[in-house]
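Here's the structure, in structure tokens; my notes come after.
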Amino acid sequence: MIFEGKKVVITGTSKGIGEFLSKKFLSEGADVEGCSRSESKITNKKFVHTLLDINDAGDLERWFFEIGKRNKRIDILINNAGAASMNHMIMTPHSTVERLLQLNVGATFNCSRNAVRYLKKSENGKIINFSSVAVPLRLEGEAIYSATKAAVEQLTRVFAKELASFNIDCNCIGPSPIETDLIKNVPDEKINALVATLPSGKKGTLEELWELVKTYAGSNSQTGQIVYMGGLS
């Protein structure tokens, strides 16, 4: 098992990508700490789930303190929790702007900042962030969403430099559309039109995403990298 004994923290683990990645790491021997605003269905003695709104800075700091008490260190942090919105810019209310900035950018920053004291105790700590193909494709209707994900990419690049002296790597993956709750309310014609612009011409899969996560979680040399699924560069 390639992640035997590794201490992994994943946000947004009650469903979708977060739930899938939690199960994958558990199957590879890792101890996983997860959080979300709803209960998790995962039942595994090596999985600890906490009900948490990661937008609450105080609760988030306390959560990492508890993780530190239980595990002493963090080997891998995956900033998975996020939100999307698809609207023309003139139809996007300020409340949506605030919500996406707070969750996609603010929580990614705050989770990473709180995790550093425990990632420093790992031999080679890892932070994996999530962007989106909406950034390079400059998708109409996703101005604020793609802007927040572009910000996550910049956080990744700067984190990689700032944390290098602590032997902590930071990389970012931009998934193409994957069948999860994140896109379930997006009309099929819009998803199909997006997919048609990808070199691969097809949606991504959770297994393909896992291969990238596994690579960055296990690498000893990659940092500051942004990689997109679907054949984009």
Side-chain angles (χ1 to χ4, degrees), residues 1-52 54 60-82 107-108 110-131 152 156 159-160 163 166-175 178 180 204-223 225 227 229:
M1 293 188 285
I2 60 175
F3 294 109
E4 182 70 39
K6 294 293 185 181
K7 309 298 184 181
V8 181
V9 176
I10 306 174
T11 62
T13 50
S14 65
K15 57 187 176 182
I17 289 173
E19 180 181 51
F20 173 81
L21 292 178
S22 295
K23 290 177 178 178
K24 281 293 189 179
F25 275 108
L26 289 166
S27 72
E28 293 291 350
D31 298 293
V32 179
E33 295 264 357
C35 73
S36 56
R37 289 179 295 179
S38 55
E39 294 286 356
S40 170
K41 301 181 185 67
I42 298 175
T43 55
N44 187 306
K45 64 181 181 180
K46 302 186 76 173
F47 179 72
V48 177
H49 181 265
T50 300
L51 287 173
L52 178 71
I54 61 174
L60 186 66
E61 186 172 357
R62 284 186 285 273
W63 181 52
F64 275 96
F65 179 73
E66 292 299 321
I67 289 173
K69 286 202 301 184
R70 284 191 290 268
N71 299 280
K72 311 305 179 187
R73 72 178 194 276
I74 296 172
D75 296 303
I76 302 161
L77 167 67
I78 300 181
N79 286 309
N80 165 69
T108 294
N110 287 330
C111 284
S112 301
R113 182 177 61 81
N114 279 289
V116 165
R117 72 176 69 177
Y118 306 110
L119 286 162
K120 287 165 61 176
K121 297 178 181 180
S122 175
E123 291 183 4
N124 185 197
K126 311 288 184 184
I127 297 175
I128 299 175
N129 296 325
F130 283 129
S131 178
V152 169
T156 299
F159 286 174
L163 300 178
F166 302 131
N167 204 27
I168 299 171
D169 299 333
C170 187
N171 294 289
C172 186
I173 299 169
I178 295 174
T180 66
T205 68
L206 290 169
E207 288 293 341
E208 289 169 344
L209 177 62
W210 167 242
E211 290 302 316
L212 288 172
V213 170
K214 186 168 60 173
T215 296
Y216 285 127
S219 170
N220 291 317
S221 60
Q222 296 295 318
T223 193
Q225 301 295 304
V227 61
M229 294 172 63

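The chain is numbered in sequence order, starting from 1. None of these values were measured; they are calculated from a predicted model.
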4.5 Å side-chain heavy-atom contact, Val32 and Lys46: no
Approximate separation, where rounding is to 0.5 Å, of Lys15 NZ and Ser38 OG: 6.0 Å
Student check: side-chain heavy atoms of Ile42 and His49 closer than 4.5 Å: no
Side-chain touch Ile127/Leu163, heavy atoms, less than 4.5 angstrom: yes
Test: Glu28 and Lys214 ion pair at under 4.0 Å: no
Heavy atoms from other residues, nucleotides or ligands near CD of Glu4 exceed 12 (cutoff 6.0 Å): yes
Heavy-atom side-chain contact between Asn71 and Val9 under 4.5 Å: no
Close side-chain approach of Trp210 to Leu206, heavy-atom, < 4.5 Å: no
Sub-4.5 Å side-chain heavy-atom contact between Val116 and Lys120: yes
Shortest non-hydrogen contact from Pro175 toward Leu209: CG-CD1, 4.2 Å
Could you give the side-chain donor-acceptor pairs of residues 17-25 under 3.5 Å, partners two or more places apart or in another chain?
residue, atom, partner, partner atom, Å
Ser22, OG, Gly18, O, 2.8
Lys24, NZ, Glu207, OE1, 3.3
Lys24, NZ, Glu207, OE2, 3.1

Thr223 versus Cys170, closest heavy-atom pair with distance: OG1-N, 3.0 Å
Cys111 side, atom SG; Ile10 side, atom CD1 - distance, nearest 0.5 Å: 12.0 Å
Euclidean distance, Ile54 CD1 relative to Trp63 CH2, rounded to 0.5 Å: 8.0 Å
Expected output: side-chain Asp75 to main-chain Val8 donor-acceptor under 3.5 Å: no
Donor-acceptor contact present, side-chain Ser131 to main-chain Ile173, <3.5 Å: no
Gln222: partners by side-chain contact (heavy atoms from CB on, under 4.5 Å), with sequence neighbours left out: Asn171, Tyr216, Ser219, Gln225
Candidate list Lys7, Arg73, Arg70, test salt bridge (charged side-chain N to carboxylate O under 4.0 Å, His left out), partner Glu33, passing option: Arg70
Value rounded to 0.5 Å, distance of OG1 in Thr43 from CG in Leu26: 10.0 Å
Leu60 side, atom CG; Arg113 side, atom CZ - distance, nearest 0.5 Å: 8.0 Å
Rounded distance [0.5 Å steps], CD1 in Ile74 versus NZ in Lys6: 13.0 Å
Donor-acceptor contact present, side-chain Asn80 to main-chain Thr13, <3.5 Å: no
Partner residues of Asn79 under the side chain to side chain donor-acceptor pair (under 3.5 Å) criterion, sequence neighbours left out: Ser112, Asn129
Over all atoms of both residues, closest heavy-atom pair of Ile178 and Thr205: CD1-O, 3.9 Å
Non-hydrogen atoms of Gly218 and Phe3 that approach each other most closely: N-CE2, 4.2 Å
